[in-house]
Amino acid sequence: MKIAITGAAGLFGHGLAQIFSTRHEVFPLTHSDMDITNSDDVRNVLKKITPEVIVHPAGIPDIDICEADPAKAFLVNFHGARNVVEAAREASATVVYISTDAVFDGKKTTPYAESDITRPPTVYGRTKLRAEQFVLTNPNHFAFRVSALFGPGKTNFVDKVLRKIRAGEDVTVASDQLGSATYTLDAAHKIMEVVGARRPGLYHLSNMGSCTRLELAQRAAELAELDKRKVIGKPSDQMGRRAVRLKYAVMEMEALKQAGFAALRPWQPALAEYVGTLAS
């Protein structure tokens, strides 16, 4: 298939392009190739490519930046997605939207299922939810909610932690944010499998198990044979951030199970694989 991937310079876009290109003809699109906030630009670029599938992870992922500039967040995260969907309609292409666990309010104490009520407390979460809902007005499209991404291609939470420790710095991370973690390459493989099977709909997608950001950071330090005592836990509301963080965001992969797909492996071996690539 011909696959267009937006945000190809981003963390997940890089991983998606890497995995999809092993089986398909991939067109990795960066901001310099296509401005998703410009509907004419999106329409013209996709018309030239004539993709069968458009995977759309592009957007503003930083929740503090979104909180500081809601107008820009809605322009990029919602209107950008709307432009992609409308251009896809003209091209008769399927859209695969990358959403987030931030659509929830973080007040549950058991894993969130796809059917749970969405009540995002942040601008970022609201922009992503509106985009997700717009995408899914077409029953042939897909949306995958992912969480705490790590993987090759761009600096991410795990990479930043290890870099700081290697530089001799202490690293302060949230001790009270319990959620799911997602290795971009594992998730990209599963997305390719689900899309290839033509089972559209809404899916939660992360590696199995749960961890706090503190546990994720400390385990990464151990795997890299660094001093995990350099990782300092602190309550998220004491870290001076603009946007609130979800205290609980563990996701249940119920839709994958019901559709007959195997779950991703646990986050621990996935993290070990990724940290191993950083050392090589």
Side-chain angles (χ1 to χ4, degrees), residues 10-16 18-19 57 61-63 98-104 106 108-114 116 122 124-125 128 143-165 171-191 203-224 226 228 231-234 236 239 241 245-257 261-279:
L11 177 59
F12 203 12
H14 176 90
L16 288 160
Q18 179 178 329
I19 298 304
D62 189 305
I63 71 171
I98 306 304
S99 190
T100 171
D101 61 348
V103 298
F104 297 113
K108 279 190 72 178
T109 56
T110 56
Y112 283 96
E114 289 86 351
D116 278 329
T122 63
Y124 171 70
K128 296 294 285 185
F144 292 88
R145 292 173 180 159
V146 298
S147 172
L149 293 167
F150 62 89
K154 191 172 183 179
T155 299
N156 57 80
F157 173 76
V158 171
D159 181 49
K160 287 178 180 177
V161 166
L162 299 182
R163 285 176 184 268
K164 286 187 175 182
I165 296 175
V171 186
T172 302
V173 301
S175 59
D176 57 352
Q177 290 177 237
L178 182 65
S180 304
T182 313
Y183 185 28
T184 55
L185 301 189
D186 283 357
H189 271 294
K190 188 59 62 177
I191 290 172
Y203 295 87
H204 286 176
L205 185 61
S206 69
N207 289 90
M208 293 298 292
S210 62
C211 59
T212 64
R213 295 296 187 271
L214 177 60
E215 290 170 329
L216 184 63
Q218 289 180 331
R219 183 58 183 151
E222 289 178 334
L223 290 165
L226 299 172
K228 73 174 185 178
V231 182
I232 312 300
K234 191 174 185 179
S236 55
M239 296 181 69
R241 293 161 165 174
R245 264 55 176 182
L246 303 187
K247 296 295 180 69
Y248 186 90
V250 180
M251 295 193 296
E252 181 79 40
M253 266 59 73
E254 186 62 29
L256 275 180
K257 185 189 304 180
F261 297 103
L264 300 187
R265 60 180 162 169
W267 65 269
Q268 295 93 333
L271 179 65
E273 180 179 305
Y274 172 59
V275 172
T277 66
L278 298 177

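Residues P152 and T184 form a side-chain contact, since some pair of their non-hydrogen atoms from C-beta on lies under 4.5 Å apart. Contact annotation: the side chain of D101 never approaches that of S180 to less than 4.5 Å [non-hydrogen atoms, C-beta and beyond]. Between M253 and F261 there is no side-chain heavy-atom pair separated by less than 4.5 Å.
Between the side chain of D176 and the backbone N or O of A174 there is no donor-acceptor pair closer than 3.5 Å. Listed for the T182 side chain is a donor-acceptor partner under 3.5 Å among the backbone atoms of S147. Panel note: side chain Y112, backbone G106; a donor-acceptor pair is recorded below 3.5 Å. In this structure, the side chain of E114 engages the main chain of A255 through a donor-acceptor pair within 3.5 Å.
A113 approaches D116 most closely through the heavy-atom pair N-OD2, 2.8 Å. The shortest non-hydrogen separation linking S175 to T212 is O-CG2, 3.9 Å. When all heavy atoms are compared, the tightest approach of L162 to A224 is CD2-CB, 4.0 Å. R241 and S236 get closest at one heavy-atom pair: NH1-CB, 4.3 Å. Contact record, D186 with A270: OD2-CB, 3.6 Å, taken as the closest heavy-atom pair. Looking at every heavy atom in both residues, V171 comes nearest to I165 through CG2-CG1, 3.8 Å.
With sequence neighbours excluded, the residues satisfying side chain to side chain contact (heavy atoms under 4.5 Å, CB included) with L216 are F157, V158, A181, C211, W267, L271. Evaluation of the side chain to side chain donor-acceptor pair (under 3.5 Å) rule for S210 yields no partner, not counting sequence neighbours.
The residue from D62, I63, V103 that alone fulfils the side chain to side chain contact (heavy atoms under 4.5 Å, CB included) condition with Y124 is I63. Of the options Q218, R213, E222, a side chain to side chain contact (heavy atoms under 4.5 Å, CB included) to V231 is made by Q218 and by none of the others. When the options R145, E254, E252 are evaluated for a side chain to side chain donor-acceptor pair (under 3.5 Å) with H204, the one that passes is R145.
To the nearest 0.5 Å, atoms CD1 (I98) and CG (L16) are separated by 5.5 Å. Distance check, rounded to the nearest 0.5 Å: CG of L178 to CD of E215 gives 7.0 Å. Remark: Q18 CD to H14 NE2 distance equals 5.0 Å, nearest 0.5 Å. Distance check, rounded to the nearest 0.5 Å: NZ of K228 to CG of L214 gives 9.0 Å. Put simply, CG on L256 and OG on S206 are 9.5 Å apart, with the number rounded to the nearest 0.5 Å. Note that CZ of F150 is 15.5 Å distant from NZ of K160, once rounded to the nearest 0.5 Å.
For K108, the NZ atom counts as densely surrounded, since its 6.0 Å shell holds more than 12 non-hydrogen atoms of other residues, nucleotides or ligands.
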Does L246 form a side chain to side chain contact (heavy atoms under 4.5 Å, CB included) with Q177? I'd like the steps, not just the answer.
CA-CA 6 Å; L246 303 187; Q177 290 177 237; over 6 Å; no
Start with the C-alpha gap between N156 and Y274, add the side-chain angles, then the distance that decides, and say whether side chain to side chain contact (heavy atoms under 4.5 Å, CB included) holds.
CA-CA 12 Å; N156 57 80; Y274 172 59; 2.9 Å; yes
